[in-house]
Amino acid sequence: MNSIMVNFWEDFLDLLYPDGINCYFCGEKIAGADRFGVCSDCMGKIAFIGDKSCMRCGKLLETGELCSGCRSFPYSFDRAISLCLYDGKVKEWIYAFKYGNKPYMARPFARMMAARLKELEDHSTIRAVVPIPLHVKKQRQRGYNQAHLLGRILARELKIKQVDALVRKTNTPPLSGLTRLQRMECLEGAFEIKDANLIRGIKNVLLVDDIYTTGTTTNQCARVLKNAGCDKVYVLTLASGINL
Ligand SMILES: [Zn+2]
Ligand SMILES: [Zn+2]
């Protein structure tokens with residue numbers, strides 16, 4: 001969908017499902033207006049990361065500015081932030097969003113992500129949202145790319161465009177359980193620029209995905225974007241894994 005169609009569609013959804021009536025997650029009636037369409041009960045189950053995080057990778061950090069990983073391994077992206085921890089109810093909701101055919105759950109998630117991003121000083125320099133792509137086979141199986149769904153709402157909230165600048169060339173097996181080095185080897189050459197014209201002249205971009213684990217995928221994508229001329233690559237993910 002182009003951006004005009006996306007906005008039209010989102011406006012239409014606003015009419016069909018006015019926010020603040022029923023919670024997107026539990027379906028219960030919401031008392032009073034809520035800008036995300038999430039009831040206070042569900043809101044209380046989200047472990048927001050906020051500022052207690054690594055300045056580079058966005059992982060939860062009790063003290064200091066950089067986590068031990070970022071002190072020893074410089075990522076290609078400039079800064080990553082995650083809205084919340086990948087834990088508890090959030091894990092269930094993300095599972096339902098990805099595999100339960102509930103694409104509408106992108107709306108509350110992406111709106112909360114946008115609100116978090118807007119707290120960062122330099123967010124206004126970002127000119128495009130770039131979703132982490134799925135391999136075409138996986139996307140066909142699932143019916144949609146969850147990162148793309150989050151990205152299009154984020155783009156709308158930030159009043160910038162979403163650009164499908166990247167393509168996933170290899171269908172990598174699940175990376176869980178692999179070390180960082182094994183993940184890097186697995187993903188080497190997995191992503192490419194789809195069409196250089198799509199990001200020509202765009203300096204600062206925002207990579208979007210649902211879950212941040214070791215940062216290997218986002219790092220590969222950031223490197224590809226920088227090689228194609230991007231200046232700064234920010235990363236925004238819905239949830240960040242603990243001890244991954
Ligand atoms: Zn709820
Ligand atoms: Zn870090």
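The figures that follow rest on heavy atoms only: side chains count, while hydrogens, waters and symmetry mates do not. Order of listing sets the numbers, starting from 1, for every ligand and every atom in it.
The angle subtended at the Zn ion (ligand 1) by SG of C42 and SG of C26 is 110°, given to the nearest 10°. Remark: at the Zn ion (ligand 1), atom SG from C39 and atom SG from C23 enclose 120°, rounded to the nearest 10 degrees.
Between V208 and M113, the closest side-chain pair of non-hydrogen atoms falls below 4.5 Å. Contact of the R79 side chain with the L120 side chain is registered, since non-hydrogen atoms from C-beta on lie closer than 4.5 Å. Between E157 and R111, the closest side-chain pair of non-hydrogen atoms falls below 4.5 Å.
Between F25 and F109, the ring-plane angle classifies as tilted under the 30° and 60° cut-offs.
Remark: of the listed residues D164, V163, L166, D164 is the sole one forming a side chain to side chain contact (heavy atoms under 4.5 Å, CB included) with K194.
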Q | Working for side chain to side chain contact (heavy atoms under 4.5 Å, CB included), residues R116 and I49 | A | CA-CA 10 Å; R116 171 70 186 114; I49 293 178; over 6 Å; no

Q: Begin from the C-alpha positions of F97 and Y95 and carry the test ring pair (Phe, Tyr, Trp, His ring centres under 6.0 Å) through to its verdict.
A: CA-CA 5 Å; F97 168 47; Y95 191 87; over 10 Å; no

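For the Zn ion (ligand 2), protein N, O or S atoms closer than 2.8 Å were enumerated as C54 SG, C57 SG, C67 SG, C70 SG, with waters left out.
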